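Reviewing the structure listed below.
Just so we're clear, the structure is a prediction, and the values are computed from it rather than from any experiment.
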Amino acid sequence: MLRGRGRDGAGAVARGAGADNERGETPAEAARKAAASRGARREARHGIPCYGTVPGVLGGGAGVEQATQEAERDDGAVTISITRRVRPGREREFEEYLRGISEEASRFPGHLGVRIFRPARGDRQYRVVFRFDRESNLRRWKESEERRAWYARGEELAEDAPQIANITGTAQEARLVMALTPLEGFVRTSVSGIGLLLLGTVLALVLANSPLAGAYDRFWATELTVGAPGFGITESLRHWVNDGLMALFFFIVGLEIKREVLVGEMRRPRQAALPIAAAVGGVVVPALAFTAFNLGGEGARGWGIPMATDTAFSLGVLSLLGSRVRPLLLVFLTAFAIVDDILAVLVIAVFYTDAISWPALGVAAALLGVLAVANRAGFHRWPVYAFVGLGVWLAVFESGVHATVAGVLVAMTVPARSWINPSEFLARGRRLIDDFERACYAAPSILTNEPQQQASQALEQLCEDVETPMTHLQHRLNPWVAFGILPLFAFANAGIPLLSGLGAALASPVTWGVVAGLVVGKPLGITLFAWLAVRAGIAVLPGAIAWRHVCGVGWLGGIGFTISLFVTELAFEHGPVANAARVGILIASVIARGGGLDPRATLPRGRRARRATRRRSEAVVGA
């Protein structure tokens, strides 16, 4: 026991150290070996390995780690977390199974409580947390006939072995953490990011149509200076969001573009031809539809508003249909949206730039050259690209080109190669895990266990070395963009005075030009240009995707929320015309969302229809 480690334990270490010194080992090595030997004797005596494994609570003999200070004690409560993935379609039975085993465990001596955490949308992984007053009672429950009977039933419902973790003494067992666990699962889903974006939109609409409308406008018009007096940038808060923070959003877009070109659907010309053709049609036809309503009018400059697709919104809406959506359809939508983003960035850079400062643009080009050289020279640490990338943003901002374009350009220079290869990561990682395990009993707590701290820190560095800077930055910045920047952008730009300006907006050709472009032009352009590319032999339609699926993607492409609001800000800034465009974006996004959720447009057909499609395919092959 840990409480019995006094004089006898110290003497054992000393005796072990002296014996090992006779064999030519250092005192530190001897102490670690003595601690490991003592841990092995405890494991043999108590049946508990180094990290306090408690095997087979809901499953078989699999074990897990526990904090070292909780490894042996039997005088305090013990908390066990079990995670299992249920078989598809067996969720209701598994829920009944969990309730039954919880009730059975509650009648067992020493049981303190149980909590069941249900999976988030689109997932089938359940988590159950048991708490007993001491480890011996937990073991009695584990070895009981009642538990074995319940375990046999659970094997029929789950599709994998249980993952069992002893979380005693960790932050995971805190009451507040337990209470917030369902919220954490919700935040990890893509739908929650869309929910925050919608929340920002609703808050902006409410404030813009309330007695606080003046305060809302004055807040976003407040000027903020970044830099020293006489040498800084002064912009309104709204412009800092649109020009500054949104550069990070476009940086993420650029990283996704680069990934698709290197390893995604865009790496093969024939595969890339279909989403490229669809994206071109999704830009040209909506722009023509808008121009047809506004040619020669005050809103003619807004032809770029209905061109872009909100990638996050579109994928989030499609994810609401769950696993029934064909994976290839998600791939096609992602590839199409990436090309759509490229075209949107080009339009913003070329057509929505009033004046260009060529010296500043030259500085931006030179800094991009520095980043490209750093990439080729093997500079792997992301701070280099962040620091120089900030200089690129500043130069592009001063050049007159919209500063968000800098985000995409800098993303193209971020390395897509790792510092070490996977085989080296495996070899070094195994050695570090072995070092961590050998140091289990060197100290009663990881806070004082120097070898374990060194091993964990080396593992953290090793994980960063095997990950490419491109994926590292993408994973680190994605939550900030999805849960912070985009909702803030919506809150800053979606404040439309509907009570006073809705009538004027509905009578404006700008509103209906946007609606026509997004609701009619997008589906028509995407489907028509994709069909022409296939008919011309330039592209090929995957066998798992039908033309109605392409049309469904076209409907989802009509959700132009974020980028459309962004282009509206560039084209009109503020005023009645800008408000009319924003009303059109809201109306079109709602209609496009409804059309994209039509199961006939996005889900596979029934068995009979699939057989007919298979027979037609075989006939074409035979011919």
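Atoms CZ and OG1, on Arg115 and Thr79 in that order, are 12.0 Å from each other to the nearest 0.5 Å. Of the inter-residue distances, the one linking Lys522 atom NZ with Met307 atom CE reads 8.0 Å to the nearest 0.5 angstrom. Expressed to the nearest 0.5 Å, how far CG of Leu473 lies from CG of Leu248 amounts to 10.5 Å.
When the options Val396, Leu371, Leu255, Val388 are evaluated for a side chain to side chain contact (heavy atoms under 4.5 Å, CB included) with Val410, the one that passes is Leu371.
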Can you give each donor-acceptor pair under 3.5 Å made by side-chain atoms of residues 577-584, sequence neighbours left out, with the distance rounded to 0.1 Å?
{"unit_1": "Asn579", "atom_1": "OD1", "unit_2": "Arg582", "atom_2": "NH1", "d": "3.3"}
{"unit_1": "Asn579", "atom_1": "ND2", "unit_2": "Gly575", "atom_2": "O", "d": "3.4"}
{"unit_1": "Arg582", "atom_1": "NE", "unit_2": "Asn493", "atom_2": "O", "d": "2.9"}
{"unit_1": "Arg582", "atom_1": "NH2", "unit_2": "Glu573", "atom_2": "O", "d": "3.2"}

Pairs of donor and acceptor atoms involving the side chains of residues 200-220, under 3.5 Å and at least two apart or interchain, shall be tabulated with distances.
{"unit_1": "Thr201", "atom_1": "OG1", "unit_2": "Leu197", "atom_2": "O", "d": "3.0"}
{"unit_1": "Asn209", "atom_1": "OD1", "unit_2": "Leu498", "atom_2": "N", "d": "2.5"}
{"unit_1": "Asn209", "atom_1": "OD1", "unit_2": "Leu499", "atom_2": "N", "d": "2.9"}
{"unit_1": "Asn209", "atom_1": "ND2", "unit_2": "Leu205", "atom_2": "O", "d": "2.7"}
{"unit_1": "Asn209", "atom_1": "ND2", "unit_2": "Ile496", "atom_2": "O", "d": "2.8"}
{"unit_1": "Ser210", "atom_1": "OG", "unit_2": "Val206", "atom_2": "O", "d": "3.4"}
{"unit_1": "Ser210", "atom_1": "OG", "unit_2": "Leu207", "atom_2": "O", "d": "3.0"}
{"unit_1": "Ser210", "atom_1": "OG", "unit_2": "Leu212", "atom_2": "N", "d": "3.2"}
{"unit_1": "Tyr216", "atom_1": "OH", "unit_2": "Phe491", "atom_2": "O", "d": "2.5"}

Would you please test Asp465 and Gln461 for side-chain hydrogen bond (donor to acceptor under 3.5 Å, both in side chains) and show each step? CA-CA 6 Å; Asp465 288 342; Gln461 182 62 54; 3.1 Å; yes

Could you go through the side chain to side chain contact (heavy atoms under 4.5 Å, CB included) check for Val405 and Phe250 one step at a time? CA-CA 7 Å; Val405 177; Phe250 281 95; over 6 Å; no

Verdict with supporting geometry, Ile233 and Glu398, side chain to side chain contact (heavy atoms under 4.5 Å, CB included): CA-CA 10 Å; Ile233 301 176; Glu398 295 294 338; 4.2 Å; yes

Would you sort out whether Tyr126 and Glu91 count as a side chain to side chain contact (heavy atoms under 4.5 Å, CB included), showing the intermediate values? CA-CA 10 Å; Tyr126 285 78; Glu91 290 87 354; 3.9 Å; yes

Do Phe397 and Glu235 pass the side chain to side chain contact (heavy atoms under 4.5 Å, CB included) test, and can you show the C-alpha distance, the side-chain angles, and the key distance before you say yes or no? CA-CA 12 Å; Phe397 179 85; Glu235 293 287 342; 3.4 Å; yes

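More than 12 heavy atoms of other shown residues, nucleotides or ligands fall within 6.0 angstrom of atom CZ in Arg476. Shown here is Glu95, whose CD atom has more than 12 heavy atoms of other residues, nucleotides or ligands within 6.0 Å. Heavy atoms from other residues, nucleotides or ligands lying under 6.0 Å from CD of Glu460 number 12 at most. Shown here is Tyr352, whose OH atom has more than 12 heavy atoms of other residues, nucleotides or ligands within 6.0 Å.
Ring geometry, Trp303 versus Phe351: the interplanar angle exceeds 60°, so the pair is classed perpendicular (tilted spans 30 to 60°).
Proximity of a side-chain donor or acceptor of Thr309 to a complementary backbone N or O of Gly557 within less than 3.5 Å is detected.
Every residue meeting the side-chain hydrogen bond (donor to acceptor under 3.5 Å, both in side chains) condition with Asp243, not counting sequence neighbours, appears here in chain and number order: His402.
Across all their heavy atoms, Pro275 and Phe336 have their closest contact at CB-N, 3.6 Å. Residues Arg127 and Ser81 approach most closely at NE-OG, 2.8 Å, considering heavy atoms.
In summary, the aromatic rings of Phe249 and Phe566 are positioned with their centroids too far apart to meet the 6.0 Å limit.
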